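One structure is given here, and the rest of the page talks about it.
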Amino acid sequence: MKNFSFRLERVLQLRLAAEQAQARRLGEARREEAEARLFSEAGAARVAEAIAQVAATPAALRTAGTLSNLILTVEAARARAAESARAHAEAVARLEVEINGFEEARQARRAVERLKERRLESWERDMERAEQSVMDEVASRQVRRQRAAG
């Protein structure tokens with residue numbers, strides 16, 4: 001009897017490698033999104049801190065120059081926070097793309113695996129039929145021999 005061979009085994013291996021590569025990219029995208037989220041949250045915290053600093057400045061120290069510097073500090077913190085929020089939004093968008101890419105790669109691999117499973121089941125049925133045919137033939141010969149002898 002011949003052994004089972006799947007002609008698309010190389011395709012299956014390539015799909016598996018593609019899925020693993022996509023999983024690595026997905027992991028990187030998740031890590032980058034987490035970092036961007038932390039930077040964004042830190043930027044928002046710095047803005048809140050700068051605003052609290054302006055509000056906490058004693059009235060005696062609120063000269064035009066001091067207020068101008070404090071306002072510039074708040075504006076700079078807001079600009080950095082906005083940039084961090086934009087970078088986080090981009091990281092979230094990339095993460096979505098990588099999640100979709102991973103799902104597609106997983107589905108492509110799984111389709112070839114299902115084909116392999118079906119072909120293996122078909123091969124096993126064919127082998128069972130062939131074995132049964134051989135056993136039937138052997139039994140038939142034994143019956144003929146017994147009739148001829150007896």
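As the structure is a computational prediction, the values presented were derived from the model and not from experiment.
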Derivation and outcome, salt bridge (Lys or Arg N to Asp or Glu O under 4.0 Å), residues E28 and R24
CA-CA 6 Å; E28 289 174 17; R24 283 189 294 277; over 6 Å; no
Under the side chain to side chain contact (heavy atoms under 4.5 Å, CB included) criterion, do L38 and E35 qualify, and how do the steps go?
CA-CA 5 Å; L38 291 175; E35 288 175 4; 5.7 Å; no
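Between A91 and A36, the closest heavy-atom pair is CB-CB, 4.0 Å.
Judged by distance alone, the side chain of S68 and the main-chain N or O of A64 form no donor-acceptor pair under 3.5 Å.
The line from CG of L115 to CG of L12 is 9.5 Å long, rounded to the nearest 0.5 Å.
For F4, the ring pair (Phe, Tyr, Trp, His ring centres under 6.0 Å) partners are W123, not counting sequence neighbours.
In this structure, a donor-acceptor pair under 3.5 Å is absent between the side chains of S122 and R118.
We find that E33 and R37 are joined by a salt bridge, their nearest charged nitrogen and carboxylate oxygen being less than 4.0 Å apart. Salt bridge absent: E83 and R78 never bring a charged side-chain N and a carboxylate O closer than 4.0 Å.
F6 has its side chain within reach of R119: a pair of non-hydrogen atoms, C-beta onward, lies under 4.5 Å apart. Between R110 and E19, the closest side-chain pair of non-hydrogen atoms is not below 4.5 Å. Between D126 and R129 the shortest side-chain heavy-atom distance falls below 4.5 Å. For the pair T73 and V54, the minimum side-chain heavy-atom distance is 4.5 Å or more. Annotation: side chain of R94 is in contact with side chain of E32 (closest heavy-atom distance under 4.5 Å).
Linking Ile, Leu, Val, Met, Phe, Trp and Tyr residues whenever their side-chain heavy atoms come within less than 4.5 Å places V47 and L70 in a single cluster.
Annotation: R7, atom CZ; neighbour count of heavy atoms from other residues, nucleotides and ligands within 6.0 Å does not exceed 12.
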For residues 98-107, which side-chain N or O atoms pair as donor and acceptor with protein atoms under 3.5 Å away, sequence neighbours left out?
from	atom 1	to	atom 2	distance (Å)
E98	OE1	Q22	NE2	2.6
N100	ND2	E96	O	3.3
E103	OE1	R106	NH2	2.6

